[in-house]
Amino acid sequence: MAEITVTLPDGSTRTLPVGATAGDLAADIGPGLAKAALIATVDDAEVDLGVPLADGQKVAIVTAGSDAGLTTLRHSTAHVLAQAVLEMYPGATYAVGPPIQDGFYYDFALPDGATISDDQLEAVEARMREIIEADQPFERHEVSAGEGLELFADHPYKREIIETVAMAPGGDGAGQPADELADEVAGGGQISYYRNSDSFIDLCRGPHVPSTGRLGHFKLMSVAGAYWRRDAHRPSLQRIYGTAWASRKDLAAHLHRLAEADKRDHRRLARELDLLSWPTELGPGLAVWHPKGAAVRRIIEDYSRRRHDEGDYLPVATPHIARSELWETSGHLDFYRESMYPPMKLDGASYHLKPMNCPFHALIYKSAQRSYRDLPIRMFELGTVYRYELSGAVHGLMRSRGFTQDDSHIFAAREQAPAEIASLVAFVLSVLRAFGFDSFDARLSTRPPEKSIGGDAEWDMATEALRSALEASGLEYELDEGGGAFYGPKIDIDVRDAIGRSWQLSTIQVDFQLPERFGLEYVGADGNRHRPVMIHRALMGSIERFFGVLIEHYGGAFPAWLAPVQASILPVAATHSDYAAEVESRLSQQGFRVQVAEAQEPLGRRIRAAKLQKLPYVLVVGDDDVAHATVGVNARGGDGDERGVSLEDFAARLASDVEAHR
RNA sequence: GCCCGAGUAGCUCAGUCGGCAGAGCAGCUGUCUUGUAAACAGCCGGUCGCAGGUUCGAUUCCUGUCUCGGGCUCCA
């Protein structure tokens, strides 16, 4: 009997009869693996378990324990979703349904533009469970693109996928697959599809789990609108989002994480902790800062100012509006107009609210003749800008229409730029770490293909300077081709918060264009006039977003150095009120933010109130404390209370917390 | 901006198949004077987002609009 030999990931080999499949291999290795197997990789390509193996191949069995396995699980669950929806809504058609982080989605168009509401999801989910219960096999079939068009005759979106990808000119399928379609079908004039019942097939490059019975730990999450092929001019489809996991436990853990994230939502905490609010009278994306929110903001800003002073930045200040001519010169009206508020006409002139601070800083630079001896000049401003964000994009503090950038523009000689950028990256990380962030994602964004100004050589030079600074920093980074600003490439640094979500904050941008447009110059050592390079840099990005991220990062439990109220002083009874006032006064004099909660309510209730406000410390003072100049200290997150702590010791402890940013 | 959903007291939410709108918490007043996560009682509080329409009558049905939420797109 003929045999084949394949190599396993650990380097060992297995011999199997000719015709054996990856599934057979899994069974040969062990029943546990056979049960857990979802797909396999053969010579590093992912395939169904049903494919026959060939002699000499490198084969690995993939389970839900790996990313690839989990992705497949989600992808297959998406297919089951499509099957359920198509069965339940006759006349519905389907578009694409890829796996995504934590789950999957599928896009549908229902007949006559019907929509699916959230409460219909339960019924869809129930139908999906029936399909899973039936344990239908996923059978792979390959046909020509032409046959594919016939198979999917009633499904225009599927036909469009086949036409645009599988039948792309050149036949290699590399047409426009920068988008989601590429996942659906490989191209090359052939298509593959999967059949898992008499009535349901789906266009797909695969692979899939062997049968629907392997699925089950999923939940449909929401319905949303989404444009076909991510194009606002194309039809809007009904998108159903779901999450899927390898086990019931993983699913439960995921749902728990979501609930935790919701508890940390800065919009919820902003209200609960009385930090700020968004009166609808102001319009979307505009907030007012309440005293407690403003207290934290001032600490953030003061810290930022101090670090900039230490870094030889020169504070500047500029107005909020300027003549439209300024924005023509800068190029903003050409390249950024859709994000700008419309012009205000008065006294025969036209003015725009500023969407960025850079042109003002360029004019400050230009106000005097500059020498190479002056460079680099680092200007710093907490500059409030206004951007007309799409109403649907506005999101609490994270995306607002007015926000304050901790904005710097550094004017440097070209040869100074690389070193300056390198030190900027270090500066940015140092400040972010001071606020408790220690995990970062960096990204290098290059020239946008359409909207941009300047020559290739300058773009290349600027991109190279950023790249080398990133390399030197040791940060890992990814490349975002075409993601740069209209005037130059950029580095973005995102921080990860306490529950692993990523937020874009810092940006460093190299710009040869604005100096050109504004005719900026300096006199070099050679006596000739040279053009400086301008480095744009926002560190926290926007104070508003930064604060929003901080709220969510700490879940509202700010460390003592940031907390709007560091300690609440609770007299046990009214007779201790005078002593409480004295404690308050002494701590206030040392610069601490403290308050007294008088004994009009029972102690337990006042403690509870302070805890719900997530205060770092609750100080209880009673007879013993009055007698010995002590306080009872109840620290947030501590176990129980410490009695009889001298006031001096507590003040020292709080001072040390503040110093250490605890 | 587009798709879907939602706006009821300061907050969280019930409710009205079209007939004078409810709870808890918060707030206020009084009593209680408290040693580590919710004392007791009473009171105040709503043009049911806004504007039209249908109706004897609209918070409820319809239309428009504003705001919010989830997505898409975009972004600090």
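This structure is a prediction, so every number in the text was calculated from the model and none was measured.
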How far does the C1' atom of B:rG35 sit from the matching atom of B:rU29, given to the nearest Å? 28 Å

Among B:rA76, B:rA37, B:rC72, find the nucleotide with the atom closest to the side chain of A:S542. B:rA76

For a ring-ring contact (aromatic ring centres under 6.0 Å, His included) check, start with the C-alpha distance between A:H536 and A:Y487, then their side-chain angles and the critical distance, and finish with the verdict. CA-CA 10 Å; A:H536 306 244; A:Y487 47 73; 4.5 Å; yes

Categorize A:R271 for me: base, sugar-phosphate, or nothing, with a 4.0 angstrom heavy-atom threshold over every strand shown. sugar-phosphate

Heavy atoms under 4.0 Å, any strand shown: does A:D624 hit a base, just sugar-phosphate, or nothing? base

Spacing between A:R239 atom CZ and B:rC4 atom C1', to the nearest angstrom: 13 Å

Rounded to whole angstrom units, what separation is found between the OH atom of A:Y336 and the P atom of B:rC74? 14 Å

Looking only at the side chain of A:R387 (C-beta and beyond, no hydrogens), which of the listed nucleotides B:rC75, B:rG35, B:rA38 gets closest? B:rC75

NE2 (A:H628) with more than 12 external heavy atoms under 6.0 Å: no

Between B:rA41 atom P and A:Q600 atom CD, what is the distance in whole Å? 19 Å

Roughly how many Å is it from CG in A:D107 to P in B:rC3, rounded to a whole number? 15 Å

Distance between P atoms of B:rA6 and B:rC25 (Å, rounded): 29 Å

Within the 4.0 Å heavy-atom criterion, would you say A:G622 contacts the bases, only the backbone, or no part of the nucleic acid? base

Can the positive tip of A:R401 be found less than 6.0 Å from the middle of the six-membered ring of A:Y386, inside 45° of the ring normal? no

Taking only side-chain N and O atoms of A:K611, does any of them lie within less than 4.0 angstrom of OP1 or OP2 on B:rU36? no

Check: A:H361 side chain, A:C358 main-chain N or O, donor-acceptor pair, under 3.5 Å: no

Taking only the side-chain nitrogens and oxygens of A:R268, find out if one of them lies under 4.0 Å from OP1 or OP2 of B:rU12. no

Quick one: label A:A538 by what it contacts on the DNA or RNA (base, sugar-phosphate, nothing), any heavy atom closer than 4.0 Å. nothing

Grab the CG-P distance between A:D265 and B:rU12 for me, whole Å please. 12 Å

CZ of A:R229 versus P of B:rU73: gap in Å, rounded? 14 Å

Would you indicate what A:Y388 reaches in the nucleic acid, counting non-hydrogen atoms under 4.0 angstrom: base, sugar-phosphate, or nothing? sugar-phosphate

Which part of the nucleic acid, if any, lies within reach of A:G285 when heavy atoms closer than 4.0 Å are counted: base, sugar-phosphate only, or nothing? sugar-phosphate

Should the ring pair A:W327 and A:F360 be called parallel, tilted or perpendicular, given that the plane angle runs from 0 to 90° and is split at 30 and 60? perpendicular

Quick check: are there more than 12 heavy atoms from other residues, nucleotides or ligands sitting under 6.0 Å from CZ of A:R257? yes

Between A:V618 and A:G402, just flag the one whose closest nucleotide in RNA chain B comes earlier from the 5' side. A:V618

Quick one: label A:S400 by what it contacts on the DNA or RNA (base, sugar-phosphate, nothing), any heavy atom closer than 4.0 Å. base

If the P atom of B:rG71 is compared with that of B:rG24, how far apart are they to the nearest Å? 35 Å

Going by modelled atom types, is there a donor-acceptor pair between the base of B:rA76 and the side chain of A:Q509 at under 3.5 Å? no

Pi stacking test for A:Y241 and B:rG71: under 5.5 Å apart, planes under 30°: no

Gap in Å between the two P atoms, one belonging to B:rG49 and one to B:rA21, rounded: 14 Å

B:rA76 phosphate, OP1 or OP2: any side-chain N/O from A:Q504 under 4.0 angstrom? yes

Reckon A:E272 touches a base, only the sugar-phosphate, or nothing at all at heavy-atom distances under 4.0 Å? nothing

Atom-to-atom span, CZ of A:R401 to P of B:rC74 - whole angstrom: 17 Å

Aromatic rings A:Y94 and A:Y106: how do their planes relate, parallel, tilted or perpendicular, breaks at 30° and 60°? parallel

In whole Å, what separates the P atom of B:rC50 from that of B:rU67? 15 Å

So what does A:E338 hit on the nucleic acid, given a heavy-atom distance under 4.0 Å: a base, only sugar-phosphate, or nothing? nothing

Shortest side-chain distance from A:R608, nucleotide among B:rG35, B:rA37, B:rC74: B:rA37

Keeping A:R74 on the side-chain end and A:F104 on the backbone end, is there a donor-acceptor pair under 3.5 Å? no

Could you measure between the two P atoms, the one in B:rU8 and the one in B:rC13, and give it in whole Å? 9 Å

Using a 4.0 Å heavy-atom cut-off across all strands, classify A:S391 as base, sugar-phosphate, or nothing. base

Which of the following nucleotides, B:rC75, B:rU34, B:rG35, is nearest to the side chain of A:A599? B:rU34

Please confirm whether any donor atom in the side chain of A:R605 sits under 3.5 Å from an acceptor in the base of B:rA38, or the reverse. no

Classify A:L390 by what it touches in the nucleic acid, base, sugar-phosphate, or nothing, heavy-atom distance under 4.0 Å. base

Earlier contact from the 5' end, RNA chain B, for A:Q238 and A:D494: A:Q238

Pairwise C1' distance, B:rC17 and B:rA58 [rounded to whole Å]: 14 Å

For a quick test of reading the model: is some side-chain N or O of A:Y617 closer than 4.0 Å to OP1 or OP2 of B:rU36? no

At less than 4.0 Å, is any side-chain N or O atom of A:H395 found next to OP1 or OP2 of B:rC68? Yes or no. no

Base, sugar-phosphate, or nothing: which does A:P284 touch, judged by heavy atoms less than 4.0 Å apart? sugar-phosphate

Considering only heavy atoms and no angle criterion, is a donor-acceptor pair shorter than 3.5 Å present between the side chain of A:R545 and the base of B:rC75? yes

Over all strands shown, is A:R267 touching base, sugar-phosphate only, or nothing at heavy-atom distances under 4.0 angstrom? sugar-phosphate

